[in-house]
K.L.:
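Have a look at this one.
Worth knowing before you read on, the calculation uses all heavy atoms, side chains too, and leaves out hydrogens, waters and symmetry mates.
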Amino acid sequence: MKQTTKLLPLFAFAVSLGSYAAAEGFTPLCSLQAKDIELAAENIQVPVPQVPVNIAKTDQQLLNKFDALKRDLVSLGMKTDSAKYEMSRLTSEAMRIAQTGGSHLSFQSDLMRVSTDLTRYISDVRNMVYAVTNIVPLAQKDRELNLRALDMQASARSMLDLPVSSDRLEQAVRSVPSETIGYTAAIRAREISRQSDELTGYAEQVYEKTQELVKNTKP
């Protein structure tokens, strides 16, 4: 009884096999033995589904390096944004002094403060050129790394228009008589423009390297 039960699924297979064999001139079904049917069933190749490929995890040490560099670049981008805001404010102040002839003492000290800040930012962005250059060869195709590279690129791009603000400031200062705005104001405004150009020169190098990072990490 157990043997009959075991052969029931195989019998259905044998019927199909026998029909095909008869049509092609092969051995008829009636001549097949139970052991032949079992052997034929055992030889059936059943497709085995492929095992999904494991997605490689992001290298944590490399991710930490990207995070640290991104934080530094974002911080520097925010500092230069603040410098641009301060230049715009001083541009408006210069126009006010031209119209009202108000006090220019605080204006000159503010110009000096902006120039001092730019000196530090230039050093920071110069160091950033080396930092980004050194990490480019380590880049891997990875979504998390790519997201951080995009943030770096955006921060580097934000520094490129610094000369626009400094040029407006210098033009505004130079349009006001020295005795009204202060005799050193024009000199300091010119220095701020020079510093902005220098900073932007390094920022352009950083931006180019961050473009490489974005390209090399894009999955």
K.L.:
Take Leu76 and Ser155 through the test side-chain contact (heavy atoms from CB on, under 4.5 Å) and record every step on the way to the result.
P.N.:
CA-CA 8 Å; Leu76 184 55; Ser155 295; over 6 Å; no
K.L.:
Among the clusters formed by ILVMFWY side chains lying less than 4.5 Å apart, do Tyr202 and Val136 turn up in the same one?
P.N.:
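Shared cluster, yes.
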K.L.:
With a cut-off of 6.0 Å (strictly less than), are more than 12 heavy atoms of other residues, nucleotides or ligands near CD of Glu179?
P.N.:
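Check passes, neighbour count above 12.
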K.L.:
Check the surroundings of atom CZ in Arg168: do more than 12 heavy atoms from other residues, nucleotides or ligands lie under 6.0 Å from it?
P.N.:
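Result for CZ/Arg168: open.
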K.L.:
Within the structure provided, determine whether Ser196 and Met87 are in side-chain contact (heavy-atom separation under 4.5 Å).
P.N.:
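Counting from C-beta outward, Ser196 and Met87 do come under 4.5 Å.
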K.L.:
Under a 4.0 Å threshold between the charged nitrogen and the carboxylate oxygen, would Asp197 count as salt-bridged to Arg194?
P.N.:
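Answer for the salt bridge query: no.
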K.L.:
Does Arg96 form a side-chain contact (heavy atoms from CB on, under 4.5 Å) with Ser92? I'd like the steps, not just the answer.
P.N.:
CA-CA 6 Å; Arg96 183 193 66 78; Ser92 298; over 6 Å; no
K.L.:
What are the two closest non-hydrogen atoms of Ala156 and Val206, and how far apart are they?
P.N.:
CB-CG1, 3.9 Å
K.L.:
Rounded to the nearest 0.5 Å, what's the gap from NZ on Lys65 to CG on Asn134? Could you check?
P.N.:
9.5 Å
K.L.:
Quick one: are Ser123 and Asn127 in side-chain contact, heavy atoms under 4.5 Å?
P.N.:
yes
K.L.:
On a heavy-atom basis, which atom in Ala83 and which in Tyr121 lie closest, and how many Å separate them?
P.N.:
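Looking at all heavy atoms of both residues, the closest pair is CB-CE1, 4.3 Å.
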K.L.:
Going by the rule side-chain contact (heavy atoms from CB on, under 4.5 Å), which residues pair with Thr133 if we only count those two or more places apart in sequence or in a different chain?
P.N.:
Val129, Lys209
K.L.:
Hydrophobic clusters here meaning ILVMFWY residues chained together by side-chain heavy-atom distances under 4.5 Å, can you tell me if Leu150 and Leu160 are in one?
P.N.:
no
K.L.:
Does Met128 reach the side chain of Leu69, with side-chain heavy atoms less than 4.5 Å apart?
P.N.:
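Sidechains of Leu69 and Met128: in contact.
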K.L.:
Would you say the side chain of Glu170 lies within less than 4.5 Å of the side chain of Ile192, judging by non-hydrogen atoms?
P.N.:
no
K.L.:
Write down the atom of Met152, the atom of Phe66, and the distance for their closest heavy-atom approach.
P.N.:
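Closest heavy-atom pair between Met152 and Phe66: CE-O, 3.3 Å.
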K.L.:
For Arg120 and Asp117, run side-chain contact (heavy atoms from CB on, under 4.5 Å): C-alpha distance rounded to whole Å, both residues' side-chain angles, the deciding distance at 0.1 Å, then the answer.
P.N.:
CA-CA 5 Å; Arg120 295 198 309 271; Asp117 289 342; 2.9 Å; yes
K.L.:
Taking Thr210 for its side chain and Tyr207 for its backbone only, find out whether a donor-acceptor pair lies under 3.5 Å.
P.N.:
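Yes; judged by distance alone, with no hydrogens or angles, the pair exists.
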K.L.:
Could you tell me which non-hydrogen atom of Ser193 sits nearest to which non-hydrogen atom of Asp167, and how far apart they are?
P.N.:
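For Ser193 and Asp167, the tightest heavy-atom pair comes out as OG-OD1, 3.9 Å.
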K.L.:
With rounding to the nearest 0.5 angstrom, report the OG1 to CD distance, Thr180 to Gln99.
P.N.:
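Answer for the OG1-CD pair, Thr180 versus Gln99, is 12.5 Å.
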K.L.:
Might you point out which heavy atoms bring Lys84 and Asp161 nearest each other, and give the distance in Å?
P.N.:
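Where Lys84 meets Asp161 most closely, the heavy atoms are NZ-OD1, 2.8 Å.
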K.L.:
Is any side-chain heavy atom of Leu73 closer than 4.5 Å to one of Val132?
P.N.:
yes
K.L.:
Using the rule given for salt bridge (Lys or Arg N to Asp or Glu O under 4.0 Å), can you reason through Glu191 versus Arg188, listing the C-alpha separation, both sets of side-chain angles and the distance that settles it, and then say yes or no?
P.N.:
CA-CA 5 Å; Glu191 174 63 9; Arg188 297 198 182 283; over 6 Å; no
K.L.:
For the CG atom of Leu199 and the CD atom of Glu204, what is their distance to the nearest 0.5 Å?
P.N.:
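With rounding to 0.5 Å, CG (Leu199) is 10.5 Å from CD (Glu204).
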K.L.:
When rounded to the nearest 0.5 angstrom, what distance separates CZ in Arg190 from CZ in Arg174?
P.N.:
5.5 Å
K.L.:
Test of understanding: with side-chain hydrogen bond (donor to acceptor under 3.5 Å, both in side chains), list the residues that count as partners of Ser88, not counting sequence neighbours.
P.N.:
none
K.L.:
Give the intermediate values and the outcome of side-chain hydrogen bond (donor to acceptor under 3.5 Å, both in side chains) for residues Asn64 and Gln60.
P.N.:
CA-CA 6 Å; Asn64 291 341; Gln60 190 59 47; 3.0 Å; yes
K.L.:
Determine yes or no for a side-chain-to-main-chain donor-acceptor pair under 3.5 angstrom, with Ser166 supplying the side chain and Pro163 the backbone.
P.N.:
yes
K.L.:
Determine, for Asp151 against Arg148, whether the closest basic-nitrogen to carboxylate-oxygen distance falls under 4.0 angstrom.
P.N.:
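Here Asp151 does not pair with Arg148 in a salt bridge, since their nearest N and O are not under 4.0 Å apart.
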K.L.:
Which is it for Gln108 and Thr184 under the side-chain hydrogen bond (donor to acceptor under 3.5 Å, both in side chains) test, yes or no, and what are the steps along the way?
P.N.:
CA-CA 7 Å; Gln108 293 187 87; Thr184 63; 2.3 Å; yes
K.L.:
Can you tell me how far apart CG (Asp124) and OG1 (Thr119) are? Round to the nearest 0.5 Å.
P.N.:
11.0 Å
K.L.:
What is the minimum heavy-atom distance between Gly77 and Met159, and which atoms define it?
P.N.:
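Smallest interatomic distance, heavy atoms only, reads CA-CG, 4.4 Å.
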K.L.:
Are any side-chain N or O atoms of Asp59 and backbone N or O atoms of Leu62, one a donor and one an acceptor, separated by less than 3.5 Å?
P.N.:
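Pair found, side chain donor or acceptor close to backbone of Leu62.
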K.L.:
Would you say Arg143 has more than 12 foreign heavy atoms packed within less than 6.0 Å of its CZ?
P.N.:
no
K.L.:
Tell me which donor-acceptor pairs under 3.5 Å the side chains of residues 212-219 have, and how far apart each pair is, sequence neighbours excluded?
P.N.:
residue : atom : partner : partner atom : Å
Asn216  : ND2  : Glu212  : O            : 3.3
Thr217  : OG1  : Asn146  : ND2          : 3.1
Thr217  : OG1  : Leu213  : O            : 2.7
Thr217  : OG1  : Val214  : O            : 3.4

K.L.:
State the CD-CG distance between Gln195 and Leu118, to the nearest 0.5 angstrom.
P.N.:
5.0 Å
